[in-house]
Amino acid sequence: MDSKYASYGKEKDQRNKFDIKAKKIKLSVDGNSFKNVKENNQANGSCNNNTVSALNEVSEDVQDVRKSLPVYIVRNRILEEIRKNNTMILIGETGSGKTTQIPQILHEQRLEGNGAIAVTQPRRVAAITLALRVATEMNTEIGSYVGYSVRFEDATSPKTKVIYLTDGMLLREAIIDPLLKKYSIIILDEAHERTVNTDVLFGIVKLAQKERNCKGNKLKVIIMSATMDVDTFRNYYDNCSVVYLEGRTYPVTIYHSKTKQDDYQYSVVCAIFQLHVTTPANHHFLVFLTGQEEIETVMANIKQIAKESPGPPIRVCPLYAGLPPAKQLLVWKSVPEGTRKIVLATNIAEASVTIPHIKCVIDTGLVKERSWCNVTGAERLRIVPCSQAACWQRAGRAGRTAPGSAYRLYTNGDFKARPQHNTPEIIRCPLAATLLMLIATGMEPSTFPLIDAPSPDSVQASLILLKELGAIESENNPKLTVLGKKMTAFPIDPKYSKVILSAPEHGCLDEALSLVAVMSSENVFHTPLHKREEAVKAKQKFVSTLGDHITLLNVFKMFCKAPLKKQWCKENYLNHKNLSYACDIRHQLLAICQKLNMEVSSCGTAFDQLLKCLLSGLFTNCAWTRGGMTTGAGKYATASGAAAALHPASSLHGLRPPPPAVLYTELLHTRRAYLLTVSAIEPHWLHQVAPEYARRCRANR
DNA sequence: GAGCACTGC
């Protein structure tokens with residue numbers, strides 16, 4: 001009876017999983033219902049770069065469009081506030097135009113004086129597109145009066161007065177000049193996202209402002225945000241003034257689920273088909289899910305049910321960051337008249353990208369979140385309810401071009417019980433890189449003003465790591481060493497900069513650069529659910545018995561040699577974007593090495609040297625087999641005593657006997673604790689490469 | 001023998 005479902009997966013249990021779901025859903029397409037909780041609830045969207053794409057579609061004269069923006073209409077009041085105050089918070093909803101207009105208005109009045117205006121963005125694409133848009137509006141070339149600065153790309157010149165840049169770039173500038181004297185006005189946009197970089201910039205800018213105001217070289221600071229915890233920000237900036245701007249979004253009607261949903265993947269498919277048969281075909285759906293596998297499963301379910309469901313034809317589009325760009329593009333491609341588009345997305349669709357003509361949002365209210373344990377160094381990925389702010393942000397995606405509706409697969413009570421805002425990233429991520437950067441700008445980590453401080457244990461753990469890497473004198477006296485100073489030159493994880501700086505003595509800088517570049521990029525292997533076997537087979541030709549690091553190096557080397565890179569990647573199930581990014585990073589790292597007069601040596605195929613070099617930066621990431629051979633399945637214990645297994649995707653997985661000692665790149669807890677990207681090492685290498693650490697390690701074990 | 005959310009320098 002179930003032969004029609006058999007094509008989904010080749011493994012038996014997988015097929016059964018699909019069968020059950022599909023059957024259950026078919027029976028209840030019209031069974032699930034929602035309660036209309038609020039009518040005409042204006043969703044709180046975010047501000048940002050979306051203004052740009054929306055504006056580009058308008059054929060009217062650029063200046064007319066500008067002048068119709070809410071922010072333009074109240075510009076004189078805003079100017080007055082900015083003139084009066086050194087610090088100001090500007091809350092603006094989606095479509096208010098604040099990010100494109102405020103810098104122009106300031107520049108028109110020459111408020112920047114001899115300095116420049118910096119506008120920070122959390123994302124590269126946003127910084128670039130905003131700058132291009134504003135250059136058009138100001139009728140000037142990009143890179144003259146208006147420019148942008150992002151990693152690998154600098155479109156500014158000495159005469160640039162308005163600079164859009166990623167917050168990470170402004171942070172790098174702060175290492176060279178902590179007072180940021182180049183700028184007379186700094187606008188920190190998208191403050192509500194609370195990325196680590198923005199959080200650190202809040203403090204750097206606050207301190208710079210204090211010091212510069214004493215010296216008569218004033219710095220104006222404007223914090224821009226969509227919804228946010230205004231009181232927190234206002235307290236932090238000494239009760240500065242707050243201006244609210246109206247947005248221009250359409251009303252979104254919110255519906256909550258009447259009862260608690262036990263199985264959200266099932267509820268999602270129910271909701272989709274319930275709405276599918278009752279709404280016009282040109283009402284496209286945007287569905288928020290948590291990850292690739294889930295999206296692929298739901299997509300398969302929808303396609304199967306659609307065959308027998310009434311209603312218009314359906315086109316399902318997956319959207320997640322790991323999807324190759326060519327496949328992502330399908331989301332923006334128009335569908336034939338009378339076809340419904342259903343986009344299944346992760347939270348990438350929450351702020352990073354905008355999909356036009358979405359009338360209906362279906363929200364699971366969940367997000368996959370990464371957190372860090374500062375005792376074991378393990379990172380954990382788990383599915384958690386998202387904040388109220390994120391829920392509003394998601395709902396707002398239905399009201400971009402016309403009124404819409406949002407269906408929440410959780411109850412109103414559940415919604416109200418959620419935290420108002422997401423936990424700031426700085427509370428839950430490893431801090432070594434951030435602390436090294438702070439120390440490099442001359443700040444004292446213990447007194448640096450942060451809106452939300454990470455736990456003292458978390459700071460201490462990261463300082464200890466920096467001490468072990470030889471970057472600072474001691475955890476209680478966090479002064480940069482000569483090595484530490486060199487490490488700050490590299491825009492990568494301190495462990496990796498240590499690897500590069502150790503490479504000359506192991507005679508393998510050439511290989512170390514490639515390996516660090518790939519490890520600093522994202523996963524290069526693309527594994528679609530339905531083509532897993534082909535992907536695994538393609539990977540075989542790169543696999544090294546020494547482990548995953550040499551495997552990665554093989555991939556990178558062959559990528560560099562391949563003449564038709566895109567096609568080659570597709571054939572080999574590799575991610576072209578991430579490999580190209582690794583190439584860019586390698587160029588950048590090589591240039592820094594050359595500035596530091598490092599000799600580019602190669603170890604050829606003497607990979608022991610490379611692995612020892614890798615160990616000199618990642619020596620805290622060793623694990624040893626435990627309990628002899630009885631477990632057999634590759635059970636390991638890390639230096640901190642955490643139990644973990646080799647990840648099944650590792651090339652060392654399944655080796656009998658398992659290597660007694662391994663070096664891992666990452667310890668990630670999903671369903672279990674796994675060691676990711678692993679190489680076999682000789683146990684005595686640790687004593688050679690990091691003798692002090694090895695001794696302490698032994699004492700504790 | 002299981003699966004990596006999203007950014008950034």
Side-chain angles (χ1 to χ4, degrees), chain A residues 11 13-14 120-127 149-154 165-175 190 193-201 288-297 319-323 345-353 364 366-371 379-384 386 390 422 425 428-429 433-434 436-437 440 488-494 496-497 517 520-529 532 535-536 575 578 581 584-585 588-589 592 632-634 645-650 653-654 665-666 668-677:
Chain A
E11 290 157 69
D13 53 335
Q14 190 115 35
T120 69
Q121 293 294 314
R123 283 170 288 277
R124 292 166 54 91
V125 185
S149 170
V150 299
R151 190 179 189 178
F152 311 131
E153 252 186 286
D154 181 8
L165 74 180
T166 46
D167 41 24
M169 282 305 280
L170 192 60
L171 268 187
R172 298 292 314 176
E173 288 185 21
I175 295 180
E190 310 284 16
E193 292 197 19
R194 300 295 305 276
T195 65
V196 179
N197 288 345
T198 335
D199 268 20
V200 173
L201 275 178
F288 283 98
L289 293 161
T290 69
Q292 172 183 346
E293 196 175 78
E294 191 173 291
I295 286 172
E296 285 175 337
T297 307
L319 181 65
Y320 49 90
L323 194 69
T346 60
N347 51 347
I348 191 173
E350 217 174 274
S352 308
V353 299
T364 58
L366 299 167
V367 66
K368 204 175 270 187
E369 194 181 76
R370 203 164 179 138
S371 56
E379 301 203 64
R380 190 182 285 269
L381 264 180
R382 52 184 165 184
I383 294 171
V384 296
C386 61
N422 288 345
E425 205 185 348
R428 50 186 170 83
C429 77
T434 304
L436 184 64
M437 207 233 43
T488 63
F490 295 91
I492 48 176
D493 188 289
Y496 292 163
S497 35
S520 302
S521 181
E522 291 295 305
N523 189 6
V524 298
F525 298 106
H526 177 59
T527 322
L529 187 66
R532 195 167 295 166
V536 169
N575 187 312
N578 294 344
Y581 199 70
D584 289 339
I585 295 173
Q588 190 184 28
L589 300 180
I592 296 166
L646 288 176
H647 192 276
S650 169
H653 186 261
T665 308
E666 201 178 356
L668 186 71
H669 202 115
T670 49
R671 273 172 220 174
R672 295 167 63 195
Y674 288 106
L675 305 175
L676 271 60
T677 317

Worksheet item: Could you state the CD1-P distance from Ile592(A) to dC9(B), rounded to the nearest angstrom?
Response: 13 Å

Worksheet item: Looking for any heavy atom pair under 4.0 Å, which part of the strands does Ile492(A) touch: base, sugar-phosphate only, or nothing?
Response: base

Practice prompt. Indicate whether OP1 or OP2 belonging to dG1(B) is found under 4.0 Å from a side-chain N or O atom of Arg671(A).
Written response: no

Response to the item:
note: Gln121(A), atom CD; dT7(B), atom P; distance rounded to Å ~ 14 Å

Worksheet item: Does Thr198(A) use its side chain to pair, donor to acceptor, with the backbone of Arg194(A) at less than 3.5 Å?
Response: no

Worksheet item: Which part of the nucleic acid, if any, lies within contact of Ile383(A), taking any heavy atom under 4.0 Å across all strands shown: a base, the sugar-phosphate backbone alone, or nothing?
Response: nothing

Item to complete: Looking at every strand, decide which applies to Val150(A) at a 4.0 Å heavy-atom threshold: base, sugar-phosphate, or nothing.
Response: sugar-phosphate

Worksheet, complete the sentence: Asn422(A) atom CG is separated from dT7(B) atom P, nearest whole Å, by 15 Å

Worksheet item: Which is true for Gln588(A) with a 4.0 Å heavy-atom rule: it touches a base, it touches only sugar-phosphate, or it touches nothing?
Response: nothing

Worksheet item: According to a strict under-4.0 Å criterion, is Thr670(A) in side-chain N/O contact with OP1 or OP2 of dC4(B)?
Response: yes

Worksheet item: Between atom CG in Leu366(A) and atom C1' in dA5(B), what is the gap in whole Å?
Response: 12 Å

Worksheet item: What nucleic acid atoms does Thr195(A) come within less than 4.0 Å of, heavy atoms only: base, sugar-phosphate, or nothing?
Response: nothing

Practice prompt. To the nearest Å, give me how far apart CG (Leu436(A)) and P (dG8(B)) are.
Written response: 21 Å

Worksheet item: If you check the Arg123(A) side chain, which of dC9(B), dC6(B), dT7(B) turns out closest?
Response: dT7(B)

Worksheet entry | 5' priority, DNA chain B, between Pro491(A) and Gly322(A) [closest heavy atom] | Gly322(A)

Worksheet item: If you look at every strand shown and take non-hydrogen atoms under 4.0 Å, does Phe490(A) touch a base, only sugar-phosphate, or nothing?
Response: nothing

Worksheet item: Of all the nucleotides listed (dA2(B), dG1(B), dT7(B)), which has the minimum atom distance to the side chain of His653(A)?
Response: dG1(B)

Discussion item. Under a 3.5 Å distance rule, please check whether Glu190(A) uses its side chain to pair with a backbone N or O of Gln121(A) as donor and acceptor.
Written reply: no

Worksheet entry | Leu165(A) side, atom CG; Glu153(A) side, atom CD - distance, nearest 0.5 Å | 13.0 Å

Fill in: Minimum-distance nucleotide (side-chain atoms of Lys368(A) versus dC9(B), dA5(B), dC4(B))
dA5(B)

Discussion item. Of the options dA5(B), dG8(B), dC4(B), whose atoms approach the side-chain atoms of Arg124(A) most closely?
Written reply: dG8(B)

Response to the item:
To the nearest angstrom, the CG-C1' distance between Leu323(A) and dC4(B) comes to 14 Å

Worksheet item: Donor-acceptor pair, Thr364(A) side chain versus Phe288(A) backbone, under 3.5 Å?
Response: yes

Discussion item. For a quick check of understanding: with a heavy-atom distance under 4.0 Å over all strands, which category does Phe152(A) fall into, base, sugar-phosphate or nothing?
Written reply: nothing

Worksheet item: Can you tell which of dC4(B), dC9(B), dC6(B) lies closest to the side chain of Ser352(A)?
Response: dC6(B)

Practice prompt. Select one nucleotide: of dA2(B), dG1(B), dC4(B), the one nearest the side-chain heavy atoms of Tyr674(A).
Written response: dA2(B)

Worksheet item: To the nearest Å, how far apart are Glu425(A) CD and dA5(B) C1'?
Response: 12 Å

Fill in: Leu675(A) CG to dA2(B) C1', straight-line distance once rounded to whole Å
14 Å

Worksheet item: Between Thr290(A) and Ile383(A), is there a donor-acceptor pair closer than 3.5 Å when you use the side chain of the first and the backbone of the second?
Response: no

Response to the item:
Value for OG1 (Thr166(A)) from CG (Leu171(A)), rounded to nearest 0.5 Å, stands at 9.0 Å

Practice prompt. Ignoring backbone atoms, establish whether Thr346(A) has a side-chain N or O less than 4.0 Å from OP1 or OP2 of dC6(B).
Written response: yes

Fill in: Under 4.0 angstrom between Ser520(A) side-chain N/O and dC9(B) OP1 or OP2
no

Item to complete: Please state whether the phosphate of dT7(B), meaning OP1 or OP2, lies under 4.0 angstrom from any side-chain nitrogen or oxygen of Tyr581(A).
Response: no

Item to complete: Without swapping roles, check the side chain of Asn578(A) against the backbone of Asn523(A) for a donor-acceptor pair under 3.5 Å.
Response: yes

